Amino acid sequence: MTTTDSAQRQAGAGTPETFLIRTSTGSAGRPEQSFWQKLAGAFAMFRNGKSIAGLAILGFFVLVAIFADVLAPYSPTEVDNSARLQPPSAAHWLGTTHIGEDVLSQVIHGTRGVIVVGFLAAIIATLIAITVGVIAGYLSGWKSEALSALTNVFLVIPGLPLIIIVAAMFEEPPLVLIAAVLGITGWAWGARVLRAQTMSLRNRDFIQAARANGEPLRRIITVEMLPNLMALIAASFVGTVTAAILGLTTLSYIGVIPVTTYNWGTILNWASAQGAFGQNQWWWYMPPGLCIAAIGVALSLINFGIDEYVNPRLRSAGERARAMKKKGLDVNDAVTAVRTETVRPELKNAGNA
């Protein structure tokens, strides 16, 4: 060691250098995932059979709503005076109404209103739920309590009476307004669930590490928290779509929404007003009723798939059931696992002796 090196070492002994080293591996030694990888992993809940079946049915209705003008054989208001209250035929696959309107065309065009209101209301409600729920769960003190109190207020606001009051103020209330009211009154339950889960996540190691590194609040919420909340957000979105569709069809059936706005509830309203239920004109009221049931089944299957992904017990039970079916076993049969071991000859002889 030279004299210069020794002097430099002694001069720097009192002021040790500090280095900030950022590694690219997680706490378990695995490479840290990017935001897009975390987001792709968060959508793994849609890879099971129930979710895929539900998404396929829902996708069918979405395509019908998009291409309604192309798929509908007639205009929903076109009248055929020579075919009034006719059962299904080659010219009118789902029959006609009391004035000769094609039921199939009305059902196809009515799909658009149902899908638009359902998804628009769900988007509005989900955005509000994420904003209020995640911020209320991450913050503490009076800010969190104020947002929680706001959520409790919206929990007790009845949605349908409010929509009736709002619709009474307009001669023909637009579907966007109805979707907005449904969304504004339907976010509270999702916000409560997200708040509870965010309160659990904010004390996790990766959140504390991001906070210690000086990450801004916006990045902590969007990059670190939201991918871990995607299952709950998706479940809240699906539930809001279901509630919005049922709310729209109910309001249309009771006559709150004008009959000129075509959706499945409007078709049922016309059928009920003209006595189709009592006269057994099934081709008029059964198709929209079956469509409501089908989209309800689709959304329920998606929700069941999300529950199976989130709940470890349901996920393990589903995996066990699928494994048994592959082996040709009945899921309902009781199976006892038996482990066989090979006994060495010397041990067997010793036991006989």
Side-chain angles (χ1 to χ4, degrees), residues 43-76 88-97 101-126 175-176 178-179 182-183 230-231 233-253 257 261-271 282-309 318:
F43 283 96
M45 56 192 142
F46 297 122
R47 297 175 186 172
N48 54 49
K50 296 177 182 177
S51 295
I52 292 174
L55 288 173
I57 300 174
L58 183 61
F60 169 77
F61 284 109
V62 171
L63 292 176
V64 170
I66 295 174
F67 301 102
D69 297 330
V70 178
L71 296 176
Y74 306 95
S75 170
S89 61
H92 303 281
W93 289 3
L94 293 181
T96 58
T97 65
E101 296 172 332
D102 185 67
V103 175
L104 176 60
S105 300
Q106 293 185 348
V107 171
I108 292 176
H109 281 275
T111 307
R112 179 174 295 173
V114 171
I115 295 297
V116 168
V117 171
F119 277 83
L120 184 58
I123 291 172
I124 295 173
T126 304
L175 292 178
V176 176
I178 297 171
L182 288 171
M230 286 305 299
I233 294 173
S236 177
F237 182 86
V238 171
T240 308
V241 171
T242 306
I245 290 175
L246 293 178
L248 174 67
T249 53
T250 300
L251 292 170
S252 301
Y253 177 71
I257 298 176
T261 304
Y262 277 96
N263 60 71
W264 299 334
T266 305
I267 301 172
L268 292 175
N269 175 274
W270 274 110
W282 56 268
W283 61 87
W284 195 352
Y285 59 83
M286 279 192 65
L290 291 176
C291 288
I292 296 173
I295 200 168
V297 170
L299 295 171
S300 298
L301 287 173
I302 297 173
N303 219 345
F304 292 156
I306 296 173
D307 288 340
E308 183 176 321
Y309 176 81

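In this text, all values refer to a predicted model and were calculated from it rather than measured experimentally.
- Here the closest heavy-atom approach between residue V117 and residue A179 is recorded as O-CB, 3.9 Å.
- Atoms CZ and CZ, on F61 and R112 in that order, are 15.5 Å from each other to the nearest 0.5 Å.
- With sequence neighbours excluded, no residue satisfies ring-ring contact (aromatic ring centres under 6.0 Å, His included) with W283.
- Rounding to the nearest 0.5 Å places CZ of F304 at 12.0 Å from CG of N48.
- Distance check: I257 CD1 to L175 CG gives 6.5 Å after rounding to the nearest 0.5 Å.
- Taken to the nearest 0.5 Å, the CG atom of L104 stands 9.5 Å off from the OH atom of Y74.
- The ring-ring contact (aromatic ring centres under 6.0 Å, His included) check on Y253 picks up nothing, with sequence neighbours excluded.
- Here the options are I295, L299, L301, the test is side-chain contact (heavy atoms from CB on, under 4.5 Å), and the partner is V297; only L301 passes.
- The only member of V64, D69, L71 that meets side-chain contact (heavy atoms from CB on, under 4.5 Å) when paired with H109 is D69.
- Between L58 and F119, the closest side-chain pair of non-hydrogen atoms falls below 4.5 Å.
- Listed by chain and number, the residues in a side chain to side chain donor-acceptor pair (under 3.5 Å) with S105 are D102 (sequence neighbours excluded).
- Side-chain contact between I123 and F237 is present, with heavy atoms from C-beta onward closer than 4.5 Å.
- Taking CE from M286 and CD1 from I267, the interatomic distance works out to 14.0 Å, rounded to the nearest 0.5 Å.
- Note that CG of L251 and CG of L246 are 11.0 Å apart. Values are rounded to the nearest 0.5 Å.
- Taking T250 as the reference, nothing meets the side chain to side chain donor-acceptor pair (under 3.5 Å) condition, with sequence neighbours excluded.
- Sequence neighbours left out, the pairs with a member in residues 48-59 that pass salt bridge (Lys or Arg N to Asp or Glu O under 4.0 Å) are K50-E308.
- T240 and A122 make their closest contact through CG2-CA, 3.6 Å (heavy atoms, listed as atom of the first residue, atom of the second, distance).
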**Request:** Evaluate the criterion side chain to side chain contact (heavy atoms under 4.5 Å, CB included) for residue pair I292 and L268; output intermediate values, then yes/no.
**Result:** CA-CA 11 Å; I292 296 173; L268 292 175; 4.0 Å; yes

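- Between C291 and T111 the shortest side-chain heavy-atom distance does not fall below 4.5 Å.
- Taking all atoms of both residues into account, the shortest heavy-atom contact from L182 to A244 is CD1-O, 3.8 Å.
- Looking at residues two or more places apart in sequence or on another chain, you find a side chain to side chain donor-acceptor pair (under 3.5 Å) between T266 and N263.
- The nearest pair of heavy atoms linking G113 to L248 is O-CD2, 3.7 Å.
- For the residue pair I306 and A235, the shortest heavy atom distance occurs at CD1-N, 3.8 Å.
- Side-chain contact between P88 and W282: present, with at least one pair of heavy atoms (C-beta onward) separated by less than 4.5 Å.
- Between I245 and G118, the shortest heavy-atom distance links the atoms CG1-CA, 4.1 Å.
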